[in-house]
Amino acid sequence: MGEWQTAINSYQDLTVWQRAMDLAVECYALTKEFPKEEIYGLVSQIRRASVSIAANIAEGYGREATGAYVHHLKIAQGSLKELETHLILSTRVGIVAVERIEAALSLGDEIGRMLRSLIRRLQDERHGHES
């Protein structure tokens, strides 16, 4: 049913990590179209936040304790919200058309749902094993 019920040998096997990597690639492509004067502004912020999502999923997976894993997944959620904010701002200041960020926002929504589901599952498993 979920990704936790299949053989997961590495964080690279996690669908949520794979989709987060897709989002980072999309954000790099998107920001290539931004004006050069934004290289240290929104370009840098968007790229950093998008990479942080996948990186925190991977880092959390590598932790031995479930609590540390959940903590990193929550950091990934925060980076996702930060990324969405930067993308929306880039449209509001006229750097990019709304239509151009729709794919990234849609992928972000999907990743957000996956993160919430994975966090719930890990927390349920942790609490279930403590009783």
Side-chain angles (χ1 to χ4, degrees):
M1 187 164 129
E3 63 185 297
W4 47 82
Q5 293 176 335
T6 59
I8 304 292
N9 299 311
S10 160
Y11 63 87
Q12 294 181 26
D13 295 328
L14 295 169
T15 304
V16 67
W17 179 84
Q18 294 167 3
R19 299 303 283 156
M21 289 293 286
D22 292 343
L23 179 58
V25 169
E26 171 65 20
C27 287
Y28 266 76
L30 174 68
T31 54
K32 281 183 182 177
E33 303 168 12
F34 280 37
K36 294 293 176 237
E37 63 266 19
E38 280 298 326
I39 194 72
Y40 299 110
L42 281 170
V43 170
S44 174
Q45 294 294 317
I46 288 169
R47 289 180 176 185
R48 186 197 52 75
S50 69
V51 170
S52 178
I53 299 163
N56 274 288
I57 293 166
E59 185 174 350
Y61 182 84
R63 300 295 173 139
E64 304 229 348
T66 302
Y69 188 10
V70 168
H71 174 74
H72 279 86
L73 293 174
K74 288 181 177 181
I75 293 171
Q77 283 181 313
S79 294
L80 179 59
K81 293 303 175 193
E82 182 182 347
L83 173 62
E84 290 170 352
T85 299
H86 294 320
L87 290 171
I88 293 166
L89 178 62
S90 69
T91 66
R92 292 183 70 174
V93 298
I95 292 174
V96 66
V98 173
E99 299 78 27
R100 185 61 185 90
I101 67 164
E102 286 174 350
L105 291 177
S106 177
L107 188 50
D109 286 344
E110 177 187 349
I111 292 165
R113 286 191 303 275
M114 295 173 86
L115 286 170
R116 286 188 298 276
S117 176
L118 182 54
I119 289 167
R120 264 193 314 273
R121 176 69 178 203
L122 289 167
Q123 289 174 332
D124 288 349
E125 285 178 0
R126 184 172 68 177
H127 291 96
H129 291 329
E130 290 176 356
S131 20

**Atom pair CD/CG of Glu26 and Leu105 - distance to nearest 0.5 Å** = 10.0 Å
**Prompt:** How far apart are the closest heavy atoms of Met21 and Ala54, and which atoms are they?
**Reply:** SD-CB, 3.7 Å
**Prompt:** Got a sec: does the CD of Glu64 have more than 12 other heavy atoms crowding it under 6.0 Å?
**Reply:** no
**Message:** To the nearest 0.5 Å, what is the distance between CZ on Arg19 and CG on Leu14?
**Reply:** 14.0 Å
**Message:** Walk me through whether Ile57 and Leu115 qualify under side-chain contact (heavy atoms from CB on, under 4.5 Å).
**Reply:** CA-CA 9 Å; Ile57 293 166; Leu115 286 170; 4.0 Å; yes
**Request:** Go through Lys81 and Glu84 one step at a time and tell me if the salt bridge (charged side-chain N to carboxylate O under 4.0 Å, His left out) criterion holds.
**Result:** CA-CA 5 Å; Lys81 293 303 175 193; Glu84 290 170 352; 3.3 Å; yes
**Prompt:** Nearest 0.5 Å, what's the CG-CZ distance between Leu83 and Arg48?
**Reply:** 9.5 Å
**Asked** So, do Lys74 and His71 sit near enough that their side-chain heavy atoms are less than 4.5 Å apart?
**Response** no
**Asked** When hydrophobic residues are tied together by side-chain contacts of less than 4.5 Å, even through go-betweens, does Ile111 share a cluster with Tyr61?
**Response** yes
**Asked** Roughly how far, to the nearest 0.5 Å, is OG of Ser90 from CD of Glu33?
**Response** 10.5 Å
**Message:** For the backbone of Gln12 and the side chain of Gln18, can you confirm whether one donor and one acceptor N or O come within less than 3.5 Å of each other?
**Reply:** yes
**Asked** Roughly how far, to the nearest 0.5 Å, is CD1 of Ile75 from CD of Glu82?
**Response** 12.0 Å
**Message:** Please find the pair of heavy atoms, one from Leu122 and one from Val70, that lie closest to each other, and give the distance.
**Reply:** CB-CG2, 3.9 Å
**Cluster check Met114, Ile119: I/L/V/M/F/W/Y, side chain < 4.5 angstrom** = yes
**Asked** Charged N to carboxylate O below 4.0 Å: is that the case for Arg121 and Asp124?
**Response** no
**Asked** Looking only at heavy atoms, which two atoms of Ala104 and Leu23 are closest? And how far apart?
**Response** O-CD1, 3.5 Å
**Asked** Is it true that Leu73 and Val51 fall in one hydrophobic cluster, defined by side-chain heavy atoms closer than 4.5 Å?
**Response** no
**Asked** With Val96, which of Leu42, Leu87, Leu30 fulfils side-chain contact (heavy atoms from CB on, under 4.5 Å)?
**Response** Leu30
**Asked** Taking atom CH2 of Trp17 and atom CG of Asn56, what is their separation to the nearest 0.5 Å?
**Response** 13.5 Å
**Request:** Give the cluster check for Ile88 versus Val98: same hydrophobic cluster or not, with ILVMFWY residues linked at side-chain heavy-atom distances below 4.5 Å.
**Result:** no
**Message:** For Tyr11 versus Ala58, what's the shortest heavy-atom pair and its separation?
**Reply:** CD1-CB, 3.5 Å
**Asked** So which heavy atom on Ile53 is nearest to which on Ser79, and how close?
**Response** CG1-CB, 3.8 Å
**Request:** Work out which heavy atom in His86 is nearest to a heavy atom in Ile46; give both atom names and the distance.
**Result:** CB-CG1, 3.5 Å
**Message:** Closer than 3.5 angstrom, by distance alone: can the side chain of Thr31 be matched with the main-chain N or O of Tyr28 as a donor-acceptor pair?
**Reply:** yes
**Same apolar cluster: Val25 and Ile101, side chain cutoff 4.5 Å** = no
